[in-house]
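All ligand and atom numbering here is 1-based and tracks the order in the structure.
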Amino acid sequence: MDILGSGHEQVVFCSDEESGLRAVVAIHSTALGPALGGTRFHPYATEDAAVADALRLSRAMTYKNSLAGLDLGGGKAVIIGDPRTDKTEALLRAYGRFVEALGGRYLTACDVGTYNADLDVVARETRFAHGRSLAYGGCGDSSVLTAYGVFQGMRAAAEHCWGQPSLAGRTVAVAGVGKVGSELVDLLVADGAELVVTDVDAAAVDRVRTRHSTVRAVADTAELVRTPHDVYAPCALGGALDADTVAALPARIVCGGANNQLATPDVADQLVARGILYAPDYLVNAGGVIQVEDERHGFSFARAQARAAGIFDVARRVFGAADAEGVPPVVAADRLAEERIRSVGRLSTIRLPG
Ligand SMILES: NC(=O)c1ccc[n+]([C@@H]2O[C@H](COP(=O)([O-])OP(=O)(O)OC[C@H]3O[C@@H](n4cnc5c(N)ncnc54)[C@H](O)[C@@H]3O)[C@@H](O)[C@H]2O)c1
């Protein structure tokens with residue numbers, strides 16, 4: 001693996017034998033500010049797989065944070081292990097000391113396998129842990145504004161396709177009704193949309209249907225993809241959009257909360273060829289990182305929500321630029337993120353006194 005040639009600023013390996021900590025912190029860019037990205041706790045099969053994930057995820061955070069208008073670069077950390085059995089106070093605190101040792105170049109938060117309460121433990125060793133619980137003045141569960149941002153992106157996509165920024169009367173298919181998906185269902189029902197959902201966890205579907213009796217459920221994602229709908233919202237795992245799925249999709253819009261929805265980069269072109277408007281995942285699911293970032297200023301939900309509402313305008317710009325430049329929305333979104341990194345990132349070259 002070509003780590004030094006990967007375009008990352010810094011990759012740090014952290015090891016503490018006694019607690020069993022084995023972690024990799026990848027700092028992709030600090031051009032816009034300290035590199036913020038969550039800590040994924042996952043039983044990677046190999047060290048190489050862990051490093052590859054950290055490199056890929058930290059790069060994506062650079063683009064997500066730039067598009068969200070945050071003064072943050074992109075980073076990500078992975079802890080190698082099973083979060084159900086390997087997560088201990090000593091391990092989390094050892095990890096916190098390595099984060100502290102980076103002096104604020106990397107800010108950590110929650111990701112798959114880590115929760116607000118874990119970040120409270122990490123924060124006992126470092127000033128640079130966010131995504132903390134409400135009891136500690138933290139932002140709490142970031143899926144609330146993640147879903148809100150996805151909803152804003154979906155409204156912008158609806159306006160682009162149908163002239164009205166509303167999902168009223170449209171059928172939205174939500175794949176995965178966990179934390180983000182179920183919040184999104186609430187917002188869509190309130191907007192007047194019809195919902196069809198699926199989840200491998202029957203209890204998750206039951207919870208949604210208890211709140212909204214009009215929500216229909218189907219057996220699995222394959223059936224969901226075949227069910228007539230206007231908007232497809234992947235809210236489960238990555239890689240939801242592969243060639244077969246895109247070939248079968250009846251949707252006019254794809255807009256969901258899951259990270260890394262495109263199984264391969266060429267799927268972006270297949271979506272264009274089928275006339276499906278794809279709202280880039282790292283653009284519309286940035287509400288969570290906006291919620292987490294707000295902690296740096298003394299958390300205010302109202303302020304963070306107002307900022308996440310801005311995803312509507314950025315999505316609108318991206319769809320407009322994609323049309324004008326004749327490129328898929330992911331390419332337009334990348335260009336917008338890179339332009340901000342260039343134009344705002346270079347300001348630190350203006351020397352200040354002292
Ligand atoms: N929580 C956040 O703030 C946040 C922020 C940005 C991105 N995301 C992304 O959004 C996605 C959902 O995150 P979450 O926090 O809601 O996680 P979650 O675990 O609460 O929910 C995911 C749901 O998907 C279901 N699921 C898993 N595999 C499935 C399948 N094959 N078919 C149907 N359902 C399936 C699970 O049972 C679960 O209910 C993830 O990709 C995550 O990376 C989350």
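Note on ligand 1: A175 sits outside its first shell, no heavy atom being nearer than 4.0 Å.
Looking at G287, G178, G288, G256 and measuring to atom 21 (O) of ligand 1, the nearest heavy atom belongs to G178. Of the candidates D199, T198, V180, it is D199 that places a heavy atom closest to atom 38 (C) of ligand 1. The residue among G131, A236, A222, A203 with a heavy atom at the shortest distance from atom 41 (O) of ligand 1 is A236.
Across V121, L119, T39, a single residue satisfies side chain to side chain contact (heavy atoms under 4.5 Å, CB included) together with L92, and that is V121.
By the 3.5 Å distance cut-off applied to N or O atoms, R40 is not counted among the residues near ligand 1. Note: no N/O pair closer than 3.5 Å links N285 and ligand 1 by distance alone. Every N/O-N/O distance between G238 and ligand 1 stays at or above 3.5 Å. Close N/O approach between K64 and ligand 1 is not found [any backbone or side-chain N/O within under 3.5 Å]. Considering backbone and side-chain N/O atoms, S142 comes within less than 3.5 Å of an N/O atom of ligand 1.
Here the side chains of M61 and V289 are in contact, with some heavy-atom distance below 4.5 Å. No side-chain heavy atom of S166 sits less than 4.5 Å from a side-chain heavy atom of E159. With a 4.5 Å cut-off on side-chain heavy atoms, F299 and Q291 count as touching. Side-chain atoms of V12 and F98, non-hydrogen and from C-beta on, never get closer than 4.5 Å to each other.
The protein heavy atom nearest to atom 12 (C) of ligand 1 is C235 O, 3.3 Å. Regarding atom 43 (O) of ligand 1, its nearest protein heavy-atom neighbour is N259 ND2, 3.0 Å. For atom 17 (O) of ligand 1, the closest heavy atom belonging to the protein is K179 NZ, 3.9 Å. Regarding atom 8 (N) of ligand 1, its nearest protein heavy-atom neighbour is G257 O, 3.6 Å. Nearest non-hydrogen protein atom to atom 28 (N) of ligand 1 is V200 CG2, 3.8 Å.
With a 4.0 Å heavy-atom cut-off, ligand 1 is reached by the side chain of T146 but not by its N, CA, C or O.
Judged by distance alone, the side chain of E295 and the main-chain N or O of R132 form a donor-acceptor pair under 3.5 Å. Proximity of a side-chain donor or acceptor of R170 to a complementary backbone N or O of V231 within less than 3.5 Å is not detected. Using a distance-only test at 3.5 Å, with no hydrogens or angles considered, no donor-acceptor pair links the side chain of N116 to the main chain of G138. Judged purely by atom type and a 3.5 angstrom limit, K87 uses its side chain to pair as donor or acceptor with the backbone of G113.
Below 4.0 Å from some heavy atom of T221 lie the following atoms of ligand 1, by number and element: 32 (N), 33 (C). For ligand 1, the atoms lying closer than 4.0 Å to a non-hydrogen atom of A258 are 9 (C), 10 (O), 11 (C), 41 (O).
Minimum interatomic distance between N285 and G257 (heavy atoms only, all atoms of both residues): ND2-O, 2.9 Å.
A tilted orientation is assigned to the rings of Y63 and H28, their planes being inclined by 30° to 60°.
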